[in-house]
Amino acid sequence: MRAASLFAAAVAAAVAAGAARAEPAPGPHARPATISVTGEGSVSVAPDLAVVTSGVVTRAPTAAAALKANAAAMTKVIGALKAAKIEDRDVGTSGVSVQPQYDYGENRAPKLSGYEVRNTVTIRARDLDALGGLLDSLVESGSNQIEGLVFDVSDRDKRLDEARRAAVKDARRKAELYAEGLQVTLGEPLTVEERRSPEASPPTPVFMRAKAMDAAPSTPIARGEQELRAEVSVRWAIAR
């Protein structure tokens, strides 16, 4: 009987020791208590730069004839850009193509009908007040394609920094609010990560075929504003 009592006591002691090992006291490497928040910031900016994609499309029975006609028309377009005082650094060829054209008749094989040549240039216009007149002069000089018009901000990085500062302030505000609600003291920031936030899309590019100009006023252009956004995730320590 005494031996049985001693055995039961030994088993109980072993179980107690195992339970104690299962719940160790927090050590120096224990994960600290933290608060994680996301801060957002934005700034509205009036664009001061426009990117225009314009070009010439020509068609002729032979590739050589189509290319020659295109070169003559594009030379006039480049001359119009120089007359508008667009600097050479702001004009660049963005595409040249020569494509055969086919006549697809019913119940017969495609028949070669000629060739099409496309030559496009990308233009950075820095004087937005004169943008409407620039578009008119491009068409008048021979451009029959205006494929895109997008507004931008020349000092985008500087303006984005303003949005980033606002995002950090917003993150701190939220963290302090949560710390107050939890009745704890906010400590130092442990990690900061900038997220790729979706910036406001630039105005939708306008695709249109150019047509002959009359004595109407310059093409009206509305530049609007762009909203630049920044987003950061910050993890703060809780100072107990």
Side-chain angles (χ1 to χ4, degrees), residues 36-56 77-78 80-95 118-141 143-175 177 189 191-211 213 216-235:
S36 297
V37 296
T38 298
E40 299 174 338
S42 64
V43 58
S44 295
V45 185
D48 60 354
L49 182 69
V51 180
V52 180
T53 303
S54 179
V56 173
V77 170
I78 297 299
L81 292 173
K82 292 184 178 297
K85 299 182 179 180
I86 303 297
E87 299 182 23
D88 291 343
R89 66 188 178 104
D90 289 330
V91 180
T93 299
S94 53
R118 291 176 176 265
N119 190 339
T120 57
V121 291
T122 300
I123 308 151
R124 285 194 298 268
R126 302 178 186 274
D127 183 2
L128 296 190
D129 292 334
L131 182 57
L134 174 63
L135 296 179
D136 293 347
S137 66
L138 287 174
V139 174
E140 291 170 350
S141 66
S143 173
N144 54 9
Q145 289 281 300
I146 298 179
E147 300 179 354
L149 169 60
V150 177
F151 292 102
D152 203 355
V153 181
S154 60
D155 57 348
R156 175 176 291 268
D157 288 341
K158 179 180 178 181
R159 296 307 183 97
L160 273 174
D161 285 346
E162 297 177 19
R164 292 183 178 107
R165 293 187 187 97
V168 171
K169 289 182 180 179
D170 183 52
R172 176 176 286 278
R173 178 189 65 81
K174 291 177 180 177
L177 179 66
T191 60
V192 179
E193 178 184 357
E194 182 178 61
R195 294 186 174 184
R196 186 174 179 83
S197 58
E199 295 183 10
S201 299
T204 303
V206 178
F207 295 92
M208 57 185 179
R209 290 193 179 275
K211 57 183 179 181
M213 295 292 179
S218 298
T219 301
I221 300 295
R223 69 187 75 176
E225 281 191 343
Q226 288 192 2
E227 186 179 27
L228 306 181
R229 303 191 188 106
E231 186 176 302
V232 293
S233 293
V234 186
R235 185 164 64 93

*Asks:* Using a strict threshold of under 4.0 Å (side-chain N to carboxylate O), is an ion pair present between R223 and D129?
*Replies:*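 Yes.
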
*Asks:* I'd like to know if E40 pairs up with R229 as an ion pair, taking the criterion as any Lys NZ or Arg NE/NH1/NH2 lying under 4.0 Å from an Asp or Glu carboxylate oxygen.
*Replies:*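 No.
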
*Asks:* For T38 versus S233, what's the shortest heavy-atom pair and its separation?
*Replies:*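 For T38 and S233, the tightest heavy-atom pair comes out as OG1-OG, 3.5 Å.
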
*Asks:* Determine whether a donor-acceptor pair (N or O, by modelled atom type, separation under 3.5 Å) exists between the side chain of D48 and the backbone of S154.
*Replies:*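 A pair under 3.5 Å: yes.
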
*Asks:* Apply side chain to side chain contact (heavy atoms under 4.5 Å, CB included) to residues L131 and V52 and explain how you reach the verdict.
*Replies:* CA-CA 10 Å; L131 182 57; V52 180; 4.0 Å; yes

*Asks:* Between CG of L81 and OG of S137, what distance do you get to the nearest 0.5 Å?
*Replies:*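 Here the interatomic distance stands at 7.0 Å.
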
*Asks:* Is a side-chain N or O of Q226 found less than 3.5 angstrom from the main chain of F151, in a donor-acceptor match?
*Replies:*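 The answer is yes, because a donor-acceptor pair under 3.5 Å joins these two groups.
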
*Asks:* Carefully, step by step, assess R164 and R159 under the rule side chain to side chain contact (heavy atoms under 4.5 Å, CB included).
*Replies:* CA-CA 9 Å; R164 292 183 178 107; R159 296 307 183 97; over 6 Å; no

*Asks:* Would a distance-only check, ignoring hydrogens and angles, find a side-chain to backbone donor-acceptor pair under 3.5 Å from S54 to T122?
*Replies:*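 Not a single qualifying donor-acceptor pair exists.
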
*Asks:* Looking at D161 and K158, does any basic side-chain N land under 4.0 Å from a carboxylate oxygen?
*Replies:* no

*Asks:* Rounded to the nearest 0.5 Å, how far apart are CG of D152 and CG of L49?
*Replies:* 5.5 Å

*Asks:* If I compare all heavy atoms of L134 with all of A84, which pair ends up nearest, and what's the gap?
*Replies:* CD1-CB, 3.8 Å

*Asks:* What distance do I123 atom CD1 and E87 atom CD have between them, rounded to the nearest 0.5 Å?
*Replies:* 14.0 Å

*Asks:* Is any side-chain heavy atom of L138 closer than 4.5 Å to a side-chain heavy atom of V77?
*Replies:*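 When only atoms from C-beta onward are counted, V77 and L138 do touch, with a gap below 4.5 Å.
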
*Asks:* About how many Å separate CG of L135 and CD1 of I146, when rounded to the nearest 0.5 Å?
*Replies:* 5.0 Å

*Asks:* Okay, side chain of K174, backbone of G39: is any donor-acceptor separation there less than 3.5 Å?
*Replies:*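 No, K174 side chain to G39 backbone: no donor-acceptor pair under 3.5 Å.
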
*Asks:* Would you confirm whether S143, through its side chain, and Q145, through its main-chain N or O, come within 3.5 Å as a donor-acceptor pair?
*Replies:*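 Yes.
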
*Asks:* If only side-chain N and O atoms count, and only distance matters, is there a donor-acceptor pair under 3.5 Å linking S94 with T120?
*Replies:* yes

*Asks:* Quick one, I221 with L149, criterion side chain to side chain contact (heavy atoms under 4.5 Å, CB included). Give me CA distance, side-chain angles, the key distance, then yes/no.
*Replies:* CA-CA 10 Å; I221 300 295; L149 169 60; 4.1 Å; yes

*Asks:* Whether the E227 and S42 side chains hold a donor-acceptor pair (N or O, under 3.5 Å, no angle test) is what I'd like checked.
*Replies:*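 S42 and E227 do have a side-chain donor-acceptor pair below 3.5 Å.
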
*Asks:* Tell me, do R126 and D90 make a side-chain contact under 4.5 Å, heavy atoms counted?
*Replies:*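 Contact flag for R126/D90 side chains = yes.
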
*Asks:* In Å, rounded to the nearest 0.5 Å, how long is the span from OG1 of T191 to CZ of R235?
*Replies:* 4.5 Å

*Asks:* Is the shortest side-chain heavy-atom distance between V232 and R195 below 4.5 Å?
*Replies:* no

*Asks:* Between D88 and K82, is there a side-chain heavy-atom distance shorter than 4.5 Å?
*Replies:* yes

*Asks:* Would K85 and D127 count as a side chain to side chain contact (heavy atoms under 4.5 Å, CB included) if you check the C-alpha gap in whole Å, the side-chain angles of each, and the deciding distance to 0.1 Å?
*Replies:* CA-CA 10 Å; K85 299 182 179 180; D127 183 2; over 6 Å; no

